[in-house]
Amino acid sequence: MQVRTYDPMQKLKSSIAETIDKSGLAIRTQFEIPPSVELGDLALPLQQDAKLKGVNPSELSRSVSEWIESHPNPFVSESVSVGGYVNFRLDTKNVAALAWSTIRSLGESYGCHAPTGKSVIVEHTSANPIHPLHIGAARNSVFGDTLVRLQRARGHAVRAHFYVDDTGRQTAIAAFGYQLLGEPVPSEKPDHWIGKVYTVSSAIVEVLSAKEKLHSTPEGEDAAKLRSNIDEWMSVLSEQARLSPDLTDGLSKAMAGIETPQESISRLISEYEEGRPLAKRAIRKMVDYCLSGFKETLVRAGIHIDSFDYESDLLWDDSVGALLDSLEVSKYVAHDGRAMIFDVDAAANDFGLKEILGVQKSHVLPRLVLTRRDGTTLYVTRDLAYSLKKLDRADRVLNVIGTPQTLAQLQLKVVLYALGYKKVLEQIHVPYEQVELPTGSMSGRRGHYVAFDSILDEAKSRAKPEVAKRNPEMSAEVASELAEKISVAAVRFALVGVGASKKILFTWDRVLDFEANSGPYALYTFSRANSILQKSGKVADSVEPDFGSLKLPDEHRLAVLCARLPENVAFAADTFRPEVLSEYIMRLCDVFNSYYGKAPVLGAPTAELKDARLVLVRMVHVTLRSAFNMLGVPVPQRM
RNA sequence: GGGCCCGUGGCCUAGUAUGGAUAGGGCGGCGGCCUGCGGAGCCGCAAGUCGAGGGUUCAAAUCCCUCCGGGCCCGCCA
């Protein structure tokens with residue numbers, strides 16, 4: 001049976017390695033890419049091997065290249081020995097043919113790898129359901145979703161999970177306001193409306209409780225602090241009163257009758273945790289409205305969540321209770337009243353986890369409080385139970401969570417490992433840096449944020465005139481669809497195009513400048529390739545080309561680049577770095593743009609050349625389309 | 001006090017995992033290219049002490065140490 005080829009470059013490398021192995025030189029065949037195209041397509045560095053063998057690197061590389069020259073490999077057109085490297089120039093014809101047969105057989109799935117049978121859960125987004133997704137969450141979503149797509153392309157069975165934090169105090173504050181308003185149907189996009197309810201409720205509660213405290217506080221520093229606190233929240237309130245007068249007014253009136261809102265909120269929390277019907281109805285109703293708003297935004301950005309996991313379910317189905325029972329008897333747990341405190345450092349030392357997790361031995365890991373003195377659970381406790389649930393459902397779990405959570409994620413691993421869940425090592429924190437605004441940090445509570453929706457809207461409204469300018473004959477509807485695609489591409493490229501460890505300073509121009517942004521450029525390149533294929537009037541996939549007629553350096557580069565998609569996907573997936581793929585796309589676009597500008601495809605001098613070029617264009621076309629799919633970028637047929 | 005991350009031309013960024021061949025791109029600037037498959041394009045030019053200093057090495061943007069600048073974390077918050 002023929003084994004299906006997924007990765008042409010891999011296949012070709014093994015073939016060359018095999019040829020070299022026959023020489024009996026016994027060298028490692030770890031290929032690299034030379035720093036410049038003039039040097040070749042593949043490089044074999046032999047300095048290490050030369051050292052081990054105690055021979056001169058140049059001599060070794062010369063023997064290898066001489067061997068290849070006298071024992072030809074179909075994929076190598078030339079091998080040159082330079083300073084301990086053997087540089088290989090690949091044979092355009094055979095590389096193109098190999099890439100083409102792979103592309104033709106895989107079609108849209110070109111770039112994907114053989115199924116592994118391994119299951120992966122990617123948890124991402126998981127924003128609090130009390131305000132719209134903002135730009136920071138957008139980075140999480142886009143990054144997380146791209147990871148989902150990449151893991152899938154890697155051959156794993158992947159599911160995207162969203163952890164719904166519905167038992168926290170913040171959620172209760174919003175739900176409390178929602179209850180007071182009579183639990184209405186939101187009058188606008190639900191997450192945006194709930195965001196307002198949350199900000200106003202939060203501000204009123206802050207003001208009322210600060211005022212309350214002020215009564216029993218003697219004049220001095222503390223009182224002054226309370227006063228400035230009141231002032232701050234009053235100004236948030238007046239801002240909201242200006243933006244949404246009815247809502248603010250309604251909530252203020254309803255809240256005025258409540259003497260101790262903090263207590264009411266605490267009661268709501270505990271009633272919800274106990275699963276009391278009224279509390280349950282109000283909170284779930286509000287949360288689900290908010291989630292429906294999230295979904296709308298996510299769908300627009302091409303993001304799909306397979307499972308929304310409610311934190312409250314972990315309490316109700318006693319997952320948390322079971323976890324507490326096993327913690328109770330752990331030798332690392334100390335009790336203080338009903339509070340449980342976990343000695344993370346001792347556990348990490350005992351199990352040798354510092355070494356495994358890359359923590360310095362001398363670094364003392366902070367203890368972790370798992371329950372309050374009154375016995376109630378904390379966020380981490382529920383998160384522990386949630387981790388177990390995720391690990392139960394997949395071979396591997398990727399948690400897309402911001403860098404501020406790094407320590408907490410580490411502690412979580414130690415605790416679960418110490419409880420005997422060794423599989424927790426298969427749960428990986430994939431961190432990303434925050435997005436900052438020029439005006440300072442965002443605050444959901446204060447209603448200060450840039451919503452994901454606004455970014456998409458703004459991108460679209462900037463794209464529209466550009467589309468209209470270039471396509472005056474296009475109907476408004478089609479133009480709008482196109483503008484939508486372009487804006488999603490621009491936003492996704494902007495958020496995933498830089499390494500996750502880099503902070504992003506969000507400015508409208510940075511993200512939405514269509515000259516600077518690589519998204520529209522890449523889509524444009526694709527649409528040009530598409531247009532050449534359309535114009536040809538041929539079905540490129542049924543053409544049997546003679547790749548031997550491709551002589552231009554750019555034709556060679558394009559064939560080799562197309563063959564490299566799968567290995568780039570593998571690397572991006574395995575290192576959790578989508579930017580690897582976006583860099584690859586840019587490289588391919590650069591070469592292709594330059595190519596079709598100087599080499600006529602449809603007007604090629606001979607029929608053979610025309611066919612070969614046409615197929616090459618098709619290869620670029622399919623390769624780009626696959627790569628876009630993996631980045632979650634929609635593809636327009638024309639622009 | 002302890003720990004983590006970032007620091008590459010005016011601005012943004014790749015390269016750091018596995019040290020190696022002239023540090024790649026983009027924006028902005030300057031100069032060209034619409035009789036050719038659509039100019040969101042192409043071609044060219046100027047612009048760099050890879051934060052600083054030491055060390056290891058035949059070889060350091062990359063590894064080690066110290067320091068500087070920016071950010072984050074070390075809650076009976078989430």
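Below, chains carry the letters A, B, ... as their sequence lines are ordered, and counting in each starts from 1. Basis for what follows: all heavy atoms, side chains included, without hydrogens, waters or symmetry-related copies. Bear in mind that the values here come from a model prediction, so they are computed numbers and not experimental data.
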Item to complete: Among the candidates B:A40, B:G20, B:C77, find the nucleotide nearest to the side-chain atoms of A:Arg372.
Response: B:C77

Discussion item. Aromatic contact between A:His124 and A:Phe162, with the criterion being ring centroids under 6.0 Å apart: yes or no?
Written reply: no

Fill in: Minimum side-chain heavy-atom gap A:Arg372-A:Leu378 below 4.5 Å
yes

Response to the item:
Closest to the side chain of A:Glu466, out of B:A40, B:A78, B:C6, is B:A40

Practice prompt. Assign A:Pro600 to base, sugar-phosphate, or nothing according to its heavy-atom contacts below 4.0 angstrom with the strands shown.
Written response: base

Fill in: Nearest-Å distance for atom pair CZ/P, residues A:Arg367 and B:C76
6 Å

Practice prompt. Any strand is fair game: report the nucleotide pairing with B:G41 by Watson-Crick or G-U wobble, both distances under 3.5 Å, or none.
Written response: B:C33

Worksheet item: Are side-chain N/O atoms of A:Tyr595 and A:Asp590 paired as donor and acceptor at under 3.5 Å?
Response: no

Worksheet entry | Whole-Å P distance, B:U66 and B:G3 | 10 Å

Name the pairs: protein N/O against N/O of nucleotides 7-12 of chain B, kept only if under 3.5 Å.
from, atom 1, to, atom 2, distance (Å)
B:G7, OP1, A:Lys502, NZ, 2.7

Discussion item. Please confirm whether the shortest side-chain N or O distance from A:Gln360 to OP1 or OP2 of B:C4 is below 4.0 Å.
Written reply: yes

Worksheet item: Say you pick atom P in B:A23 and the same atom in B:A46; how far apart are they, in whole Å?
Response: 14 Å

Discussion item. Does A:Asp383 contact B:A78 through a side-chain donor or acceptor facing the base, at a distance under 3.5 Å?
Written reply: no

Fill in: Identified side chain to side chain contact (heavy atoms under 4.5 Å, CB included) partner of A:Val400 from the options A:Ile428, A:Asn140, A:Thr125
A:Asn140

Worksheet item: Of the nucleotides B:A17, B:C76, B:A21, which has the atom closest to the A:Phe571 side chain?
Response: B:A17

Worksheet entry | P-based separation of B:A59 from B:G69 [nearest Å] | 32 Å

Practice prompt. Please state whether the phosphate of B:C42, meaning OP1 or OP2, lies under 4.0 angstrom from any side-chain nitrogen or oxygen of A:Tyr521.
Written response: yes

Item to complete: Please tell me which of the listed nucleotides, B:C76, B:A40, B:G2, lies nearest to the side chain of A:Arg373?
Response: B:C76

Item to complete: Kindly say whether, by distance alone, the side chain of A:Asp336 makes a donor-acceptor pair under 3.5 Å with the base of B:C76?
Response: yes

Fill in: Closest listed nucleotide, where the reference is the side chain of A:Met639 and the choices are B:A14, B:A17, B:G38
B:G38

Discussion item. Once you apply a heavy-atom cut-off of 4.0 Å, does A:Ala489 come out as touching a base, just sugar-phosphate, or nothing?
Written reply: nothing

Fill in: Spacing of A:Asn593 atom CG relative to B:C37 atom P, expressed in whole Å
16 Å

Discussion item. From the set B:A40, B:A78, B:G2, return the single nucleotide nearest to any side-chain atom of A:His363.
Written reply: B:G2

Practice prompt. Answer syn or anti for B:C34, where the cut-off is 90° from 0 on the glycosidic torsion.
Written response: syn

Worksheet item: What integer number of Å spans the P atoms of B:G10 and B:G44?
Response: 23 Å

Fill in: Inter-nucleotide P distance (B:C5, B:C65), Å rounded
12 Å

Worksheet item: Are any of the side-chain nitrogens in A:Asp49 or A:Arg28 under 4.0 Å away from the carboxylate oxygens of its partner?
Response: yes

Worksheet entry | First encountered from the 5' end of RNA chain B, between A:Glu38 and A:Glu436 | A:Glu38

Discussion item. Could you tell me how far B:G20 sits from B:U62 if I compare only their C1' atoms? Round to whole Å.
Written reply: 11 Å

Discussion item. Considering every strand and a 4.0 Å limit on heavy-atom distances, what is the contact class for A:Ser36: base, sugar-phosphate, or nothing?
Written reply: base

Response to the item:
B:C72 -> Watson-Crick or G-U wobble partner, both distances under 3.5 Å, gives B:G3

Discussion item. Can you tell me which nucleotide in B:C74, B:C37, B:C5 comes closest to the side chain of A:Leu407?
Written reply: B:C74

Worksheet item: Counting side-chain heavy atoms from CB outward, which of B:C37, B:G3, B:G20 is closest to A:Ser531?
Response: B:C37

Practice prompt. For A:Leu39 and for A:Leu602, locate the closest nucleotide of RNA chain B by heavy-atom distance; then report the residue assigned to the nucleotide nearer the 5' terminus.
Written response: A:Leu39

Discussion item. Only pairs with both distances under 3.5 Å count, Watson-Crick or wobble alike; so what is the partner of B:A21 in this structure?
Written reply: none

Practice prompt. Decide, yes or no, whether a salt bridge links A:Glu466 with A:Lys469 under the criterion of side-chain N to carboxylate O below 4.0 Å.
Written response: yes

Worksheet, complete the sentence: Scanning all shown strands, the Watson-Crick or wobble mate of B:C67 with both distances under 3.5 Å is B:G51

Worksheet item: Is A:Ile486 touching bases, backbone alone, or none of the nucleic acid, heavy atoms closer than 4.0 Å?
Response: base

Fill in: Among B:A17, B:C73, B:A21, the nucleotide that comes nearest once only the side chain of A:Val82 is considered
B:A21

Worksheet item: Using a cut-off of 4.0 Å on non-hydrogen atoms, how would the nucleic acid contact of A:Ala408 be classed: base, sugar-phosphate, or nothing?
Response: nothing

Discussion item. Taking any heavy-atom pair under 4.0 Å as a contact, classify A:Ser594: base, sugar-phosphate, or nothing.
Written reply: sugar-phosphate

Discussion item. Whole angstroms only, please: what is the CG-P distance between A:Asp166 and B:A78?
Written reply: 13 Å

Worksheet item: Do the side chain of A:Gln405 and the base of B:A78 come within less than 3.5 angstrom through a donor-acceptor pair of N or O atoms?
Response: yes

Practice prompt. Remember a base hit wins even if backbone is also touched, and classify A:Gly499 as base, sugar-phosphate or nothing at under 4.0 Å, heavy atoms.
Written response: sugar-phosphate

Worksheet item: For A:Arg470, which contact category applies under a 4.0 Å heavy-atom criterion: base, sugar-phosphate, or nothing?
Response: base

Worksheet, complete the sentence: Among B:U13, B:C76, B:A40, the one nearest any side-chain atom of A:Ala339 is B:C76

Worksheet item: Base, sugar-phosphate, or nothing: which does A:Pro35 touch, judged by heavy atoms less than 4.0 Å apart?
Response: base

In a table with atom names and distances, give each donor-acceptor pair under 3.5 Å that connects a side chain of residues 597-605 of chain A to protein atoms at least two apart or in another chain.
from, atom 1, to, atom 2, distance (Å)
A:Lys598, NZ, A:Asp554, OD2, 3.1
A:Lys598, NZ, A:Ser594, OG, 3.3

Discussion item. Please evaluate residues A:Tyr524 and A:Arg528 with respect to the criterion side chain to side chain donor-acceptor pair (under 3.5 Å), reporting the C-alpha separation (whole Å), side-chain torsions for both, the decisive distance (0.1 Å), and the verdict.
Written reply: CA-CA 6 Å; A:Tyr524 173 75; A:Arg528 290 302 299 273; 2.7 Å; yes

Practice prompt. Please state the P separation for the pair B:C11 and B:A52 - nearest whole angstrom.
Written response: 14 Å

Discussion item. I'd like to know if A:Lys502 and A:Glu433 make a salt bridge, using a cut-off of under 4.0 Å between side-chain N and carboxylate O.
Written reply: no

Worksheet item: Do the side chain of A:Asn517 and the main chain of A:Val511 share a donor and acceptor less than 3.5 angstrom apart?
Response: yes

Fill in: Polar side-chain atom of A:Ser209 near backbone of A:Val205 as donor-acceptor pair, under 3.5 Å
yes

Item to complete: Using atom CG of A:Leu314 as one end and atom C1' of B:A78 as the other, report the distance to the nearest whole Å.
Response: 15 Å

